[in-house]
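Right, one structure below, let's go through it.
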Amino acid sequence: MKPFAYHQPDQIPDAAKLLTSIEDSKPVAGGMTLIPTLKQRLANPPALVDLSKLANLKGITDGGTTITIGAMTPHAMVAGSRLVQTKIPGLAALASMIGDPAVRSRGTIGGSVANNDPAADYPAGVLGLGATVVTSKREIAADKFFRGLFETPLEPGEIITAIRFPVPVKAGYAKFKAPASRYALVGVFVAQFADGVRVAVTGAGPGVFRVPPMEAALSGNFDPSAIAAIRIDTEGLTSDIHAEADYRAHLVTVMAKRAVDAALS
């Protein structure tokens with residue numbers, strides 16, 4: 001790991017100013033991705049801007065028809081929240097499946113969403129629930145936030161402050177995880193709303209994506225049998241040392257059925 005300057009501002013404008021004024025500086029939330037990247041010398045930022053002291057970025061609030069989770073809220077807090085377990089149990093279950101206890105204690109929802117790792121769990125929950133990403137500058141709908149491999153519309157100095165989730169009728173998440181990293185080989189989040197169903201897939205391709213045929217089928221009949229015959233096109237799916245594209249395509253249907261089962265239970 002090469003030397004770098006370290007800043008720990010306690011106000012969002014100060015953090016944004018540091019990130020824009022120091023070229024190639026990096027924000028750090030839980031550090032679950034950034035620190036290993038630095039240790040492997042895959043990144044060499046001149047400065048890190050620690051977001052852990054920023055006020056009001058940690059916690060979960062009830063908005064009635066929505067739940068808002070502060071960007072610096074760790075996965076363990078989401079998994080253990082009685083509010084989330086009651087209103088969006090599928091999201092609490094998703095958080096409980098991330099990494100191991102150490103990762104869940106340090107990693108944050110804002111850091112995961114901003115990083116947009118193609119095998120991360122939270123992008124599936126955010127897109128599947130049609131959440132809104134709230135930043136220091138604006139609000140961004142989930143459908144417009146995830147742009148592909150580690151790519152988002154966040155601008156230099158723009159900091160995620162919270163994620164606002166609409167409360168669904170039912171929701172569930174299921175994933176087939178890599179045994180070592182516990183990242184998703186394929187993870188599927190399914191959410192039923194009064195006006196339809198959303199299905200979001202992580203781990204299968206270069207970024208999280210929705211599955212319209214499954215959404216249409218489940219909107220008519222919210223039951224695993226409704227999607228049992230749906231096959232996913234392998235074009236654009238990932239093939240690597242963990243799984244080939246055709247296996248991941250098969251897993252999408254399997255995990256989607258399990259996610260519906262989880263939502264119903």
Side-chain angles (χ1 to χ4, degrees), residues 4 6-9 11-20 22-38 42-43 45 47-60 67-78 91 94-95 98-99 103-165 183-184 187 189 200 202-203 206-209:
F4 52 82
Y6 176 77
H7 303 276
Q8 195 176 48
Q11 298 295 326
I12 292 175
D14 295 336
K17 184 177 180 179
L18 286 165
L19 290 168
T20 53
I22 305 173
E23 187 176 0
D24 295 328
S25 60
K26 297 290 185 183
V28 56
M32 295 296 95
T33 297
L34 182 59
I35 300 304
T37 301
L38 295 178
L42 297 175
L48 296 186
V49 180
D50 186 348
L51 307 181
S52 63
K53 297 298 182 182
L54 297 185
N56 303 319
L57 293 194
K58 184 176 180 180
I60 305 169
I67 288 177
T68 300
I69 302 178
M72 291 300 293
T73 305
H75 313 319
M77 184 179 291
V78 177
L91 186 61
L94 179 152
I98 298 174
V103 169
R104 291 193 291 274
S105 294
R106 287 290 304 171
T108 67
I109 185 171
S112 176
V113 172
N115 190 47
N116 191 20
D117 189 297
D121 297 282
Y122 267 127
V126 172
L127 184 61
L129 286 163
T132 299
V133 180
V134 182
T135 79
S136 54
K137 296 182 177 181
R138 54 184 167 153
E139 296 187 355
I140 309 170
D143 285 312
K144 296 182 178 180
F145 187 84
F146 301 104
R147 293 183 171 178
L149 188 67
F150 297 105
E151 185 181 357
T152 74
L154 292 174
E155 300 170 351
E158 186 172 14
I159 298 168
I160 296 177
T161 59
I163 314 291
R164 187 169 64 246
F165 295 91
Y183 275 103
F189 196 97
T202 188
V208 64
F209 61 90

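Along the sequence shown, residues are numbered consecutively beginning with 1.
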Approximate separation, where rounding is to 0.5 Å, of [X] [atom1] and [Y] [atom2]:
X: Leu154; Y: Arg138; atom1: CG; atom2: CZ; result: 7.0 Å
X: Ser136; Y: Glu155; atom1: OG; atom2: CD; result: 9.0 Å
X: Leu42; Y: Leu34; atom1: CG; atom2: CG; result: 11.0 Å
X: Thr152; Y: Asn116; atom1: OG1; atom2: CG; result: 7.0 Å
X: Thr202; Y: Asp117; atom1: OG1; atom2: CG; result: 7.5 Å
X: Gln8; Y: Leu51; atom1: CD; atom2: CG; result: 9.5 Å

Keeping the roles fixed (side chain from [X], backbone from [Y]), state whether a donor-acceptor pair exists under 3.5 Å.
X: Asp121; Y: Ala95; result: no
X: Thr132; Y: Ala142; result: no
X: Thr68; Y: Arg164; result: no

ask   = Can you list every ring-ring contact (aromatic ring centres under 6.0 Å, His included) pair that touches residues 122-163, not counting sequence neighbours?
value =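 Found His75-Tyr122.
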Report yes if some heavy atom in the side chain of [X] is under 4.5 Å from a heavy atom in the side chain of [Y]; otherwise report no.
X: Pro74; Y: Lys58; result: yes
X: Pro27; Y: Ile159; result: no
X: Pro45; Y: Asp24; result: no

inquiry  = Show, in sequence, the C-alpha distance, side-chain angles and deciding distance for Leu38 and Leu48, and conclude whether the side-chain contact (heavy atoms from CB on, under 4.5 Å) test is met.
reply    = CA-CA 11 Å; Leu38 295 178; Leu48 296 186; 3.8 Å; yes
Mind listing the closest non-hydrogen atom pair of [X] and [Y] along with its distance?
X: Gly70; Y: Ile109; result: O-CG2, 3.4 Å
X: Gly31; Y: Pro36; result: O-CD, 3.5 Å
X: Pro156; Y: Thr20; result: O-CG2, 3.5 Å
X: Ile140; Y: Glu158; result: CD1-OE2, 4.3 Å

ask   = For Ile69 and Leu91, what are the C-alpha separation, side-chain angles and deciding distance, and is it a side-chain contact (heavy atoms from CB on, under 4.5 Å)?
value = CA-CA 11 Å; Ile69 302 178; Leu91 186 61; 4.0 Å; yes
